[in-house]
Amino acid sequence: MAEAARKAFVTGHPIAHSRSPKIHGYWLAKYGIDGSYQAIDVAPADFATFLKSLGENGYRGGNVTIPHKEAAFALVDRRDEAAETTGAVNMLWLEEGALWGGNSDWLGFAGNLDEHAPGWAGNGPAVVLGAGGASRAVIHALKQRGVKDIRIVNRTLARAEELSHRFGACVSAHGVEAAAELLADAGLLINTTSLGMHGDASLAADPAGLPDHAIVTDIVYVPLETPLLAAARARGLKTVDGLGMLLHQAVPGFERWFGMRPQVTPELRRLIVADIEGETAKR
Ligand code: ATR
């Protein structure tokens, strides 16, 4: 008997904006895999029931996005190390009857910098703007890659301190007033806040005071060049936009559900850039 088509999904609420179906759809077609990947809108009240019925609905697993990442963390049977460390689950898979939750956002972050700024982890102290869920994935990636001095800058100092306690001695917490001093000898600046999204012109920190060798990256990718990246480029610094993080975080899930490790290609990037440009033009 032929094997049934493999099925995976992305769930969130709302979910219509998600670009994940385009990414996985591109890979399914490129590799000629008999499978599907669909967006499913699940309200928070229905999320636990949705998870319980994955197997009987024929799914191998899927991605989880806002607002379900913390609920997924609480509801799965087993978690990978990155999920434990970040407190959030962005991918699910069924294995020997157990529902597993993993976190691939940190791999997306590291994979994007590996592709566009090789050697980034040895570039010096890192300043991380923001202390939310995305910040945790970034800090986990920095630690995994051996960055020894990680400085969190956040509007609400208490949230930065909470992360500093969670991640240990190499991670320090600061208010925004300390940013200029912290940037003066930093090798990496990462924005994990929503500032700069959708044409908001605010800067969470001014890259003008960074050293010449610094690399600046933003996890916001709409617009592709955020005000922070534009200011860094004007200053002559190396910049990496956030789209690659979205593309690279999708790799481990696809490999689990569909059985082969896909490539993040220039063609895939162009496909998603066109989608973003279409969205930006509509605003
Ligand atoms: P996510 O899970 O996407 O990281 P989050 O948990 O809501 O989202 O975190 C958003 C981050 O952006 C926080 O660091 C937040 O700062 P506070 O902890 O002080 O709320 C930051 N942020 C959002 N809007 C901001 C603003 N207008 N100015 C400065 N920081 C902002």
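When a ligand or atom number is given, it counts from 1 through the structure's own listing order.
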* Asked: Are Glu279 and Arg19 ion-paired here, with the side-chain N under 4.0 Å from a carboxylate O?
  -> yes
* Asked: How about Tyr31 and Gln263: does a side-chain donor come under 3.5 Å of a side-chain acceptor?
  -> no
* To do: Return the residue, atom name and 0.1 Å-rounded distance of the protein heavy atom closest to atom 3 (O) of ligand 1.
  => Ala134 CB, 4.4 Å
* Asked: Which atoms of ligand 1 are found less than 4.0 Å from any heavy atom of Gly130?
  -> 14 (O)
* Between Tyr37 and Phe9, is the ring centre distance below 6.0 Å? -> no
* Using the ring of each side chain (for Trp, its six-membered ring), is Phe254 parallel, tilted or perpendicular to His24, with breaks at 30° and 60°? -> parallel
* Please determine, by modelled atom types, if Thr217 and Asp241 share a side-chain donor-acceptor pair under 3.5 angstrom. => no
* Answer yes if a protein heavy atom lies under 4.0 Å from atom 7 (O) of ligand 1, otherwise answer no. => no
* Taking the minimum heavy-atom distance to atom 23 (C) of ligand 1, which of Ala160, Ser194, Gly175, Ala205 ranks first? -> Ser194
* Asked: What residue and heavy atom of the protein are closest to atom 12 (O) of ligand 1, and at what distance?
  -> Thr193 CB, 3.3 Å
* Ile66, portion touching ligand 1 at heavy-atom distance under 4.0 Å -> neither
* Would you say the side-chain atoms of Asp105 pair up with the backbone N or O of Val138, donor to acceptor, closer than 3.5 Å? -> no
* Could you find the nearest protein heavy atom to atom 9 (O) of ligand 1 and give me its residue, atom name and distance? => Gly132 CA, 3.5 Å
* Provide the number and element of each atom of ligand 1 under 4.0 Å from a heavy atom of Arg159. => 6 (O), 9 (O), 13 (C), 17 (P), 18 (O), 20 (O)
* So is Arg155 polar-close to ligand 1, meaning N/O to N/O under 3.5 Å? -> yes
* To do: Could you tell me the residue and atom name of the protein heavy atom closest to atom 15 (C) of ligand 1, and the distance to it rounded to 0.1 Å?
  => Asn154 OD1, 3.9 Å
* Return a yes/no value for Gly133: is any of its N or O atoms, backbone included, closer than 3.5 angstrom to an N or O of ligand 1? => yes
* Asked: Would you call Arg136-Glu162 a salt bridge at under 4.0 Å N-O?
  -> yes
* Asked: Tell me, which protein residue and heavy-atom name are nearest atom 19 (O) of ligand 1, and how many Å apart are they?
  -> Thr156 OG1, 2.5 Å
* Compare every heavy atom of Asp212 with every heavy atom of Leu237, then report the nearest pair and how far apart it is. => CD2-O, 3.5 Å
